[in-house]
Amino acid sequence: MTSPVRQEPLVIQLCEQFRRMIDDGTWPVGTRIPGENQLASELGVSRGTVREALRALSVAGLLEPRVGDGTYVRTRDELAAILTRDRRGGDLEDILDVRSVLETAAGVRAARHRTEEDIRALRRALADRAAADAARDVDAYVEADAAFHRTLIRASGNPLLLRLYEAVNESMVASIRRTTSLPEDPQLGGLHEALADAVEAGDAERAHACAAELFREVGFLSAVSGEPS
């Protein structure tokens, strides 16, 4: 950390510095940050100034004060804080609708902008999904499936799509877990493969169709299984 300069209000300077430390991982999500006294001493400012800056970031949703325990990093992104302020996370149908919108758009762009590394990452995720399915390892399957869909978004080359996806990542992963039933339905696995094939082939129309069909299938399977929405 660096001591603030006296060109603008100290609270604003501290807020920006703390934001950068959250964003670059100096203060990782889920960890407790140093106390007010320590921060004030290290930065050469008053404890009250530190407290005001931390309070502002808590109101923004980036930090979470816990009585008697300290202050923890809640998220790196204010958009994520806003979208997840309702801790219920949304109905499953709502989440699948959002995923469908983002991922069908991403599929089209990914087919046009994908790199060789994107294709390798998609194939690795597919292999990991298959291995986890064979082992009936739900945790590994959810992790691999989340990696596949995140890679698709990243392959789109659209930073705003990626930011939106990451902002609701917690709900996205939760939706994958809630709709996972092993062994995987063969049609669902086939649609993932077909989507990766379309992206690799540069077939934007096919990628869009595969992504849309994939989420129709996920919605159908969750309804059949009685998964609550």
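From a predicted model like this one, the values you see are computed outputs, not experimental measurements. Computation of the quantities below employed the complete heavy-atom set of this structure, encompassing side-chain atoms and omitting hydrogens, waters and symmetry-equivalent molecules.
The aromatic rings of His149 and His192 lie perpendicular to each other, with more than 60° between the two planes, well past the 30° mark.
Side chains of Gln38 and Glu42: a donor-acceptor N/O pair is present below 3.5 angstrom, by distance only. A donor atom on one side chain and an acceptor atom on the other are found under 3.5 Å apart for Arg99 and Ser175. For the 3.5 Å distance criterion, the side chains of Thr115 and Asp118 qualify, holding a donor opposite an acceptor. Side-chain contact of Asp24 with Thr26: a donor-acceptor pair under 3.5 Å is present, judged by distance alone.
Contact record, Ile153 with Leu102: CD1-O, 4.0 Å, taken as the closest heavy-atom pair. Residues Val29 and Arg74 approach most closely at CG1-O, 3.4 Å, considering heavy atoms.
No cation-pi contact links Arg150 to Tyr165, judged by a cut-off of 6.0 Å to the six-membered ring centre and 45° from its axis.
In this structure, Phe18 and Leu39 have side chains that are in contact, with non-hydrogen atoms separated by less than 4.5 Å. Using a 4.5 Å cut-off on side-chain heavy atoms (C-beta onward), Phe148 and Leu126 make contact.
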- Task: Go through Arg177 and Asp139 one step at a time and tell me if the salt bridge (Lys or Arg N to Asp or Glu O under 4.0 Å) criterion holds.
- Result: CA-CA 8 Å; Arg177 184 172 294 277; Asp139 289 339; 3.0 Å; yes
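Applying the 6.0 Å contact sphere to CD of Glu117 captures more than 12 heavy atoms from other residues, nucleotides or ligands. No more than 12 heavy atoms of other residues, nucleotides or ligands sit less than 6.0 Å from atom CZ of Arg206.
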Contacts under 3.5 angstrom, residues 49-57 side chains, donor-acceptor by atom type, not counting sequence neighbours:
{"residue": "Thr49", "atom": "OG1", "partner": "Ser46", "partner atom": "OG", "Å": "2.8"}
{"residue": "Arg51", "atom": "NE", "partner": "Glu36", "partner atom": "OE1", "Å": "3.3"}
{"residue": "Arg51", "atom": "NH2", "partner": "Glu36", "partner atom": "OE1", "Å": "3.3"}

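Clustering ILVMFWY residues whenever any of their side-chain heavy atoms sit less than 4.5 angstrom apart, transitively, puts Leu152 in the very cluster that holds Leu188.
A donor-acceptor contact shorter than 3.5 Å is absent between the side chain of Arg114 and the backbone of Ile119.
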